[in-house]
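Notes for the one structure printed next.
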Amino acid sequence: MLPDVISSIYQLSEEQLAVRDAARDFAQSELWAGVIERDEHQKFPAAQVKKMGELGFMGMMVSPTYGGSGLDTVSYVLAMEEISKVDASCSVIMSVNNSLVCWGLEKYGTEEQKQKYLPRLCSGEIIGAFALSEPEAGSDATSQRTTAEDKGDHYLLNGTKNWITNGTTASVYLVIAQTHPELKSRGINVLIVDKDMPGFIQGPKENKLGIRGSDTCSLMFTDVVVPKENRIGDDGFGFKFAMQVLAGGRIGIAAQALGIASGALELSLKYAKERKAFGVPIAQHQAIQFKLADMATNVDAARLLCLQAAADKDNHADYAKSGAMAKLFASKTAMDAAVEAVQIHGGYGFVKEYHVERLMRDAKITQIYEGTSEIQKIVISREILK
């Protein structure tokens with residue numbers, strides 16, 4: 001539950017609060033019941049994603065002109081937190097579609113590209129994926145080995161991408177590739193690749209520690225013909241495009257981490273009031289109270305950082321630092337809170353039916369993807385040293 005003090009500080013509108021409440025209702029009524037089974041069997045939440053599209057959660061910041069909800073980033077953060085409390089696999093699918101694919105297409109795509117892809121992405125008819133990482137290009141995004149050779153009216157795409165969220169289920173992929181190696185980062189392009197293009201193969205799903213309902217795989221491109229009209233932006237714009245969408249993506253993942261931490265806290269509070277030891281609920285023992293106090297303090301601090309980053313983005317301020325701070329702190333809070341939630345639950349925390357072991361497994365990835373915690377510290381230090 002979002003504390004009233006934060007509503008007051010940020011003067012959340014009735015519309016923003018309604019979005020938060022709708023996301024909470026959806027998470028509790030549609031996601032909670034099957035989340036353990038989806039995690040156990042790595043089952044992609046196809047029906048749930050379709051429903052998220054129907055509710056407007058798959059294109060939250062896209063203009064209604066293109067089928068989106070036309071909402072702000074604060075609303076997006078509020079919805080991400082509520083959904084992530086219950087199922088981080090669903091929230092990362094939502095985050096990639098919103099932050100990395102839809103936002104990038106609307107911000108930098110041509111009118112034809114927007115009309116072709118955004119309505120279907122926003123409705124949940126199709127979902128998108130963002131392909132940047134490679135075997136030797138994770139944190140070092142400039143070292144692209146995937147090539148897009150300029151052939152006049154088309155590009156010839158060759159290479160491999162790793163760790164692609166929505167990899168086996170997406171229908172449209174934004175692929176970062178090198179066209180002019182001699183120009184290094186200034187020679188990189190971003191291309192829209194459709195799933196059925198000849199020479200494009202999706203690898204098997206990775207067997208992951210957490211977010212197991214979300215599918216992650218490698219992508220292989222062998223002489224894939226991509227028309228020039230599928231390039232986003234000018235020749236050589238790809239690296240700048242990637243950095244811009246990732247800066248916004250950090251806010252989404254920060255909100256995901258916040259949701260995991262908030263969910264861990266809520267489950268821990270409930271359990272601590274019900275579980276008895278030495279004749280009283282464990283919530284009356286100072287050792288447990290101190291854990292809950294630390295969790296609550298860090299969750300509120302993480303929420304404030306997430307809302308600050310979202311507000312900066314909505315106000316067209318520079319959100320590089322605030323977004324990186326939000327992701328750095330919220331992801332650490334998620335990991336710490338989830339570990340403490342397992343500890344508070346004791347032996348029950350170690351079994352699946354109490355949910356907190358899954359939150360602990362899901363939390364770790366928030367410190368890794370869309371920029372590791374170490375990369376966030378580089379971004380923050382550069383900003384404060386300017």
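In what follows, residues are counted from 1 in the order of the sequence shown. Quick note: numbers below take in every heavy atom, side chains included, and nothing from hydrogens, waters or symmetry partners.
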Next on the checklist: Angle between ring planes, F278 versus H285, binned at 30° and 60°: parallel, tilted or perpendicular?
Outcome noted: perpendicular

Would you say the side-chain atoms of [X] and [Y] include a donor-acceptor pair closer than 3.5 Å?
X    : Y    : value
N189 : H180 : no
R250 : Q376 : yes
T147 : N158 : no
S143 : D140 : yes
Y348 : E357 : no
S262 : E81  : yes
K161 : Q144 : yes
Q256 : S95  : no
T169 : D215 : yes
S89  : S214 : no

Item to check | CA sep, side-chain torsions, deciding dist, call: K313, D72, salt bridge (charged side-chain N to carboxylate O under 4.0 Å, His left out) | outcome: CA-CA 9 Å; K313 187 170 184 290; D72 57 11; over 6 Å; no

Other residues, nucleotides and ligands only: do more than 12 of their heavy atoms fall within 6.0 Å of [atom1] on [X]?
X    : atom1 : answer
K270 : NZ    : no
Q289 : CD    : yes
R361 : CZ    : yes

Checklist entry - Under the salt bridge (charged side-chain N to carboxylate O under 4.0 Å, His left out) criterion, do R231 and E229 qualify, and how do the steps go? => result CA-CA 5 Å; R231 187 185 73 204; E229 56 263 31; over 6 Å; no

Next on the checklist: Both conditions, 6.0 Å and 45 degrees, for the charged tip of K195 above the ring of F200: are they met here?
Outcome noted: no

Item to check | Worked check of salt bridge (charged side-chain N to carboxylate O under 4.0 Å, His left out) between E370 and K327 | outcome: CA-CA 9 Å; E370 293 196 33; K327 184 180 184 299; over 6 Å; no

Item to check | Spacing of K107 atom NZ and I232 atom CD1 [to the nearest 0.5 Å] | outcome: 13.5 Å

Checklist outcome for this item: One should read off an interatomic distance between M61 CE and D314 CG, to the nearest 0.5 angstrom, of 8.5 Å

Item to check | Stepwise side-chain hydrogen bond (donor to acceptor under 3.5 Å, both in side chains) test for T216 and K205 | outcome: CA-CA 5 Å; T216 304; K205 288 170 64 174; over 6 Å; no

Next on the checklist: Quick test of your reading of the model: are E82 and R24 salt-bridged, counting only N-O distances below 4.0 Å?
Outcome noted: yes

Checklist entry - How about L305 and S322: do any of their side-chain heavy atoms sit closer than 4.5 Å? => result no

Item to check | With A129 via side-chain contact (heavy atoms from CB on, under 4.5 Å) - residues at least two apart | outcome: I164, N166, A170, Y173

Next on the checklist: Tell me every residue that passes side-chain contact (heavy atoms from CB on, under 4.5 Å) with E111, counting only those two or more places apart in sequence or in another chain.
Outcome noted: Y66, K114, Q115

Checklist entry - Are K51 and E30 close enough, and set up right, to give a salt bridge (charged side-chain N to carboxylate O under 4.0 Å, His left out), and what steps lead you there? => result CA-CA 9 Å; K51 185 67 176 289; E30 302 285 344; 3.1 Å; yes

